[in-house]
Amino acid sequence: MSAEGIVADEAIPALRPHFRFQWEPAQGAHVLLYPEGMIKLNGSAGEILACVDGEQDVAGIIAVLSAKFPEAGDLADDVMQFLSVAHDKRWIEFK
């Protein structure tokens with residue numbers, strides 16, 4: 001991430017230790033589990049975090065989501081904004 005808080009295309013996001021991403025049938029949504037609780041994610045957040053594997057860079061995640069949801073138009077700003085918020089909340093880190 002840059003000094004301005006903008007996520008770089010070449011940054012590689014990964015879940016921070018102690019967080020686990022999964023589908024939770026009881027919630028009907030993707031969730032982030034951590035020792036103190038659970039975060040229920042909306043559909044967009046779930047789709048983005050499903051691509052966060054610690055190996056794919058931000059540009060690759062945007063490309064995957066753009067191919068999966070072509071009707072959504074340009075997703076770059078939304079993906080970068082979510083990843084920035086997820087980083088600020090300490091859900092993810094950048095390699």
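Source: prediction; values computed, not measured. In what follows, every heavy atom counts, from backbone to side chain, and hydrogens, waters and symmetry copies are set aside.
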Could you walk me through whether I48 and L41 pass the side-chain contact (heavy atoms from CB on, under 4.5 Å) check? CA-CA 10 Å; I48 295 168; L41 303 167; over 6 Å; no
Would you please test L83 and V52 for side-chain contact (heavy atoms from CB on, under 4.5 Å) and show each step? CA-CA 10 Å; L83 291 174; V52 172; 4.1 Å; yes
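- Between V31 and K40, the closest heavy-atom pair is CG1-CA, 4.0 Å.
- Heavy-atom neighbours of N42 CG from other residues, nucleotides or ligands within 6.0 Å: above the threshold of 12.
- Distance CG/L75 to CD1/I61: 12.5 Å, rounded to 0.5 Å.
- F21 and I12 fall into different hydrophobic clusters, where Ile, Leu, Val, Met, Phe, Trp and Tyr are joined by side-chain heavy atoms under 4.5 Å apart, directly or via other members.
- Between R90 atom CZ and H18 atom NE2 the span is 11.0 Å, to the nearest 0.5 Å.
- Contact detail for A45 and F82: the closest heavy-atom pair is CB-CE1, 3.5 Å.
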Can you check side-chain contact (heavy atoms from CB on, under 4.5 Å) on V79 and V7, steps first, answer last? CA-CA 9 Å; V79 171; V7 178; over 6 Å; no
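- Note that CG of D57 and SG of C51 are 12.0 Å apart. Values are rounded to the nearest 0.5 Å.
- Between V64 and Q56, the closest side-chain pair of non-hydrogen atoms falls below 4.5 Å.
- Other residues, nucleotides and ligands contribute at most 12 non-hydrogen atoms within 6.0 Å of the CD atom of Q81.
- Taking 4.5 Å as the limit, every side-chain heavy atom of Y34 sits out of range of all side-chain heavy atoms of R16.
- Between E93 and P17 there is a side-chain heavy-atom pair separated by less than 4.5 Å.
- Across all non-hydrogen atoms, the minimal contact from A14 to K95 is CB-CE, 4.0 Å.
- Counting heavy atoms from C-beta on, the side chains of M80 and D9 come closer than 4.5 Å.
- With contacts defined as side-chain heavy-atom distances shorter than 4.5 Å, the pair V58/P13 qualifies.
- For the pair L65/E47, a side-chain contact is recorded, criterion being any heavy-atom separation below 4.5 Å from C-beta on.
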If you apply the rule side-chain contact (heavy atoms from CB on, under 4.5 Å), what do you find for F19 with L33, and how did you get there? CA-CA 6 Å; F19 280 93; L33 299 174; over 6 Å; no
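- Taking the side chain as every heavy atom from C-beta outward, L32 and L15 approach each other to under 4.5 Å.
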